[in-house]
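Structure record follows, encoded as structure tokens.
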Amino acid sequence: MSIPSLSHNDELLALQNVLASQSLISLFVEDANRTEDYSCEASGLYLDYSKNRVNSRAMALLFNAAREKNLEQKIQALLGGEAINYTEKRPALHTALRGASNTPADKKALVDDVHVKMAEFVDSIHSCRWRGSTGKTITDIVNIGIGGSDLGPLMVTEALKPYQQKNIRCHFVSNVDAADLLSILANTNPESTLFVVASKTFTTLETLTNATTARDWLTRALGADVDVSKHFVATTSNVENAVKFGIDARNVFPMWDWVGGRYSLWSSIGLPIALGLGMENFKALLAGAAEMDNHFSEQPLEKNMPVILALLGVWYTNYWEADTHAIIPYAHDLRLFPKYLQQLDMESNGKSAAHKGQVKQATGPIIWGEAGTNGQHSFHQLLHQGTRLVPVDFIAPLKAHHEHNDHQTHLFANCLSQSYALMVGKTLEQAKQEFIDIGYSDEESEQLAHHKVMEGNRPTNTILMDQLTPKNLGALIALYEHKVFVQSVIWDINPFDQWGVELGKKISTLISGVINNEIDGSTFDASTQSLIKRYQNSLKLDDL
Ligand SMILES: O=P(O)(O)OC[C@H]1O[C@](O)(CO)[C@@H](O)[C@@H]1O
């Protein structure tokens with residue numbers, strides 16, 4: 001794949017060549033101020049991007065590229081509510097949900113109303129005014145949703161566990177595999193359980209299947225005349241379908257088509273966050289994100305954290321041919337963050353259609369990762385000695401929510417040890433000496449040394465925050481949302497649609513029809529037909 005069409009491409013390519021032969025450590029030696037020059041602060045977050053294979057000229061050309069693609073105007077178009085999602089002809093106004101300073105007034109009014117409704121509902125659950133159909137207080141919230149209607153609220157409630165309200169447990173069901181739902185139902189009491197059916201469209205197969213099974217479970221346990229409305233609420237933009245499902249219209253928390261699914265945790269889709277952590281903490285999450293929105297809108301590109309992260313990503317994807325990008329939080333509570341970012345980034349920028357025609361360069365990388373230190377004992381080997389270049393974002397809170405400072409110091413020291421080791425690596429001479437030091441002969445040491453060599457010069461970002469608080473988490477999520485947007489601008493793609501997931505959905509409906517003998521399956525290929533047959537045969541065996 002080639003590179004984005006930019007006027008300074010020749011120079012960028014030449015610089016890549018120069019920087020590829022220069023060690024990262026030598027860049028620090030050359031520039032005594034490198035750490036200060038290659039760092040930035042925003043909304044409680046500190047980004048150190050000095051351990052990247054860039055110099056000031058490369059950064060200047062990347063900022064220039066962003067200007068060439070009219071990034072500054074596009075940021076204002078995004079925040080101002082222009083129909084930036086041009087394939088679906090609508091704005092992408094997740095920033096309005098958290099009250100970014102340029103939020104259009106009509107959207108602000110809608111959002112404020114929903115916040116009032118959410119706050120009243122949360123209070124009625126927490127103060128035990130809302131009761132189940134048999135008079136019991138609600139102890140368990142089960143969110144039924146998938147994709148953006150699951151991953152965001154799930155990740156946030158896990159990340160902010162120290163803020164969890166007493167007497168309320170939150171559960172999340174997403175997979176159409178009933179094993180997911182049944183494992184939750186096995187440990188909940190129908191009398192004190194509230195289901196939140198979360199679906200922007202209220203048409204998603206997985207969510208409707210799970211919600212129907214949950215409703216059957218409830219009526220089986222509490223009788224056909226149970227007041228289902230005491231146990232089911234919905235968060236959706238499709239009030240009509242939610243009501244058809246049997247949810248009382250008063251218990252539907254609206255959202256709108258101008259909020260993308262993967263950007264929706266800030267909307268009523270965040271209801272389980274507010275129920276689990278309290279409305280104040282939900283609002284603090286929004287406030288942190290709004291602060292990052294304002295930073296994104298107001299700061300020059302050179303000091304703009306999402307822009308810097310995005311341009312570094314473009315640099316590695318397009319000029320260094322990095323296919324993947326690892327996200328490694330050194331906070332156990334953030335362990336779902338990489339998984340959350342997989343949807344945010346890959347569903348947004350996993351595209352090959354440009355505004356006009358097809359893209360000419362690689363677009364969104366494969367996002368992956370795991371919490372440190374666990375990853376060190378699984379995939380870090382590849383980061384240190386593998387043949388692929390994998391840029392890494394390390395994310396670390398300085399303070400923990402517990403008092404075990406010995407653990408926290410080990411955790412933080414490991415985080416820094418990884419970025420340092422990835423940068424400096426190990427030379428052949430050092431490796432040989434290590435073998436000699438443990439008693440190997442000179443000849444053996446010579447032969448084996450290359451197994452221990454680490455090339456080093458692997459690029460990393462380090463993002464620090466004081467503590468993993470609702471506000472800091474809000475800022476962190478918004479940082480990555482905006483990073484993804486900036487990259488979409490450079491790559492000239494629409495990050496707000498997801499046509500790619502539609503085809504599989506449609507075909508699965510057809511295949512269900514073939515399995516149930518409602519549709520002729522002969523148009524499918526021989527492999528698919530034979531696999532369908534095997535499944536049908538297993539059903540026949542069950543009937544015997
Ligand atoms: O909230 P809904 O409408 O049920 O959709 C769930 C998810 O399905 C997708 O459309 C595709 O996976 C996501 O973008 C979305 O978050």
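Just so we're clear, the structure is a prediction, and the values are computed from it rather than from any experiment. Positions are given from 1, in the same order as the sequence printed here. All ligand and atom numbering here is 1-based and tracks the order in the structure.
Side-chain polar atoms of S348 and Y263 form a donor-acceptor pair below 3.5 angstrom. A donor and an acceptor atom, one from each side chain of S264 and H94, are nowhere located under 3.5 Å apart. A donor atom on one side chain and an acceptor atom on the other are found under 3.5 Å apart for Y480 and D393. Between the side chains of D520 and S522, at least one donor N or O sits under 3.5 Å from an acceptor N or O. Residues T139 and S192 have side chains that bring a donor and an acceptor to within less than 3.5 angstrom of each other.
Applying the side-chain hydrogen bond (donor to acceptor under 3.5 Å, both in side chains) rule to S183 yields no partners; only residues at least two apart in sequence or on another chain are considered.
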May I have a table of the N/O to N/O pairs between ligand 1 and the protein that fall below 3.5 Å, each row giving the two atom names and the distance to 0.1 Å?
residue, atom, partner, partner atom, Å
ligand 1, 1 (O), S149, OG, 2.6
ligand 1, 1 (O), K200, N, 2.8
ligand 1, 3 (O), S199, OG, 3.4
ligand 1, 3 (O), K200, N, 3.4
ligand 1, 3 (O), T201, N, 2.9
ligand 1, 3 (O), T201, OG1, 2.6
ligand 1, 3 (O), T204, OG1, 3.4
ligand 1, 4 (O), S199, OG, 2.6
ligand 1, 4 (O), T204, OG1, 2.5
ligand 1, 12 (O), E347, OE2, 3.2
ligand 1, 14 (O), E347, OE1, 2.8
ligand 1, 16 (O), G148, N, 2.7
ligand 1, 16 (O), Q343, NE2, 3.3

